[in-house]
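Side chains included, hydrogens not; waters and symmetry mates left out as well; all remaining heavy atoms used. Just so you know, ligand 1 is whichever comes first in the structure, and atom 1 is the first atom listed for that ligand.
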Amino acid sequence: MKAGKTIFLCQHCGYQAPKWMGKCPDCGQWNSLVEERAPAGPAFSPGRSFGTSPSKPVPMDTVEMTRASRMATGIQEFDRVLGGGLVPGSLILIGGDPGIGKSTLMLQVLHRLASHNHKVLYVSGEESIQQIKLRNNRLGAESKGLWVVSETGLESIRAMADEMAPDVMVVDSVQTIFTPDLTSAPGSVSQVREATMHLMFLAKRTGIPIFLVGHVTKDGAIAGPRLLEHMVDTVLYFEGGQNNVFRVLRAVKNRFGSTNEIGVFEMRENGLCEVLNPSSVFLSERPCLVPGSVVTASIEGSRPILLEIQGLVARSTFGTPRRTVLGVDYNRVSLLVAIMEKKLGFQLANEDIFVNVAGGVKVDEPAVDLGIVSVIASSFLDKPVKGRTVVLGEIGLTGEVRTISRVEQRVGEAAKMGFTRCLLPGNNLKHLKGRDAMALVGVQTVSELVDLLF
Ligand code: TYD
Ligand code: MG
């Protein structure tokens with residue numbers, strides 16, 4: 001491509017076109033193509049490697065681990081989501097809505113590391129050093145090894161990292177990082193992609209783990225390119241309602257660990273606090289013995305968490321009844337409602353149905369099916385579920401209750417939280433050891449469930 005020529009780049013997916021178009025043919029986004037100067041040559045030559053000289057293949061068994069393999073931050077909830085600590089040379093993207101607490105979390109993580117005698121660098125492209133200091137005072141943390149800088153130039157950041165050689169580095173946020181090699185504005189696809197690419201090389205070459213903070217757009221994608229997610233090693237999302245004090249850190253992609261782990265935090269006056277027992281938090285405001293509420297256990301990564309599911313069934317005033325679902329899959333709920341109509345004979349066609357998982361949590365396991373059916377039945381019949389009961393199980397299309405995984409752990413967590421009765425798939429019961437404090441009741445079909453619930 002000749003220098004000086006311009007191309008049109010989709011700001012959503014990174015698609016390139018020689019002419020402007022109203023709709024991106026790749027991702028279908030409208031009005032997302034922006035004119036940018038084409039790079040003079042290929043951005044990355046084919047021979048480029050993480051080091052300075054070209055790479056050579058080596059036998060796997062001769063590869064030596066350089067540093068201690070993982071660096072724990074000391075914040076348990078954070079370490080678990082990372083898969084047990086920071087891997088040297090990894091690039092970790094932290095996405096989340098503005099104001100959710102990404103900068104706060106990063107600063108707290110760095111403080112912890114600095115207090116363990118690590119040298120850490122916080123690069124902010126959004127706040128001045130004075131503003132970072134203000135936040136710092138609020139967190140009430142003081143550490144010697146924490147260095148801060150307010151900088152947006154990609155070249156300066158790379159030079160800084162080479163000169164200072166910190167143990168860990170944070171770049172907040174990737175949308176503010178800028179390289180004059182490209183003509184487009186900071187935050188555009190090419191700038192964000194370029195910055196990420198160079199920071200990736202930096203991390204791999206120097207072995208410094210780098211955190212990249214990224215803002216999320218209205219529709220939930222990390223602003224600009226989804227491509228970013230493919231480039232980095234780990235993608236973490238920090239989520240939770242603006243009005244909700246609880247924040248959930250979730251791994252969406254992790255080259256060095258499981259993606260099912262979640263970490264729960266609470267936003268307080270003086271920063272984020274770990275919530276080590278999420279079950280008690282999610283159940284803390286549960287109304288007892290009222291229709292439309294039931295407790296179920298979901299497995300998040302390696303640990304079970306008890307969740308309250310709420311349901312409300314109300315006579316619809318419109319022709320088409322509403323189905324509003326928060327925290328569980330909409331289609332799953334529609335399917336379960338259809339099973340209830342067919343197998344239980346419930347007349348739900350004229351009823352609005354609302355289902356919600358308390359605490360702003362999202363679950364996508366089929367093991368909560370039984371909980372969803374229970375709350376809808378409970379609200380429809382206006383009967384509360386019997387006290388101290390937990391329900392577990394997946395429901396099939398013929399109304400059968402199907403086996404779920406890791407029942408032992410779920411039942412254990414329920415017993416720990418003071419529940420005394422558990423409705424679970426009949427087949428699971430066979431392989432389960434009896435417990436003194438917990439009555440285990442096997443359920444084969446949904447119609448059996450309704451008899452046992454109330
Ligand atoms: P911030 O980390 O700036 O969010 P992000 O970097 O994701 O945009 O978090 C800002 C919010 O957190 C703000 O609404 C105030 C709140 N907050 C507290 O409640 N307590 C605190 O100690 C701090 C530092 C922030
Ligand atoms: Mg911030």
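Near Arg268, meaning under 4.0 Å from one of its heavy atoms, ligand 1 places the atoms 18 (C), 19 (O), 20 (N), 21 (C), 22 (O). Near Pro98, the atoms of ligand 1 lying under 4.0 angstrom from a non-hydrogen atom of the residue are 8 (O). Under a 4.0 Å criterion applied to the non-hydrogen atoms of Met267, ligand 1 contributes the atoms 12 (O), 16 (C), 17 (N), 18 (C), 19 (O), 20 (N). Of all the atoms in ligand 1, the ones that sit under 4.0 Å from a non-hydrogen atom of Glu269 are 20 (N), 21 (C), 22 (O).
When heavy-atom distances to ligand 1 are checked against a 4.0 Å cut-off, Arg135 comes that close only through its side chain, counted from C-beta outward. Contact annotation: for Arg138 versus ligand 1, heavy atoms closer than 4.0 Å belong to the side chain alone. The backbone of Asn270, and not its side chain, has at least one atom closer than 4.0 Å to an atom of ligand 1 (non-hydrogen atoms only; backbone = N, CA, C, O). At a heavy-atom cutoff of 4.0 Å, ligand 1 is contacted by both the backbone and the side chain of Ser103.
A donor-acceptor contact shorter than 3.5 Å is absent between the side chain of Ser379 and the backbone of Gly292.
Side-chain contact check for Met160 versus Pro166: every heavy-atom pair is 4.5 Å or farther apart. Looking at heavy atoms from C-beta onward, Phe211 lies in side-chain contact with Val168 at the 4.5 angstrom threshold. Looking only at side-chain heavy atoms (C-beta outward), Pro287 and Gln310 come within less than 4.5 Å of each other. Here the side chains of Glu266 and Arg247 are not in contact, with every heavy-atom distance at 4.5 Å or above.
In this structure, Met169 and Ala161 approach most closely via the heavy-atom pair SD-CB, 3.7 Å.
Across Gly95, Gly99, Ser173, heavy-atom proximity to atom 14 (O) of ligand 1 is greatest for Gly99. Nearest-heavy-atom check against atom 9 (O) of ligand 1 across Gly101, Gly140, Gly96 picks out Gly101.
Rounded to the nearest 0.5 angstrom, Leu423 CG and Thr296 OG1 are separated by 10.0 Å. Summarising the geometry, atom CD1 belonging to Ile177 is positioned 9.5 Å from atom OG1 belonging to Thr196; distances are rounded to the nearest 0.5 Å. Rounded to the nearest 0.5 Å, atoms CD (Glu413) and CG (Asn277) are 6.0 Å apart.
Between Gly271 and ligand 1, at least one pair of N/O atoms sits closer than 3.5 Å.
Not one N/O/S atom of Thr104, from backbone or side chain, sits under 2.8 Å from the Mg ion (ligand 2).
Residue contacts with ligand 1: Met106 is excluded, as none of its non-hydrogen atoms falls under 4.0 Å.
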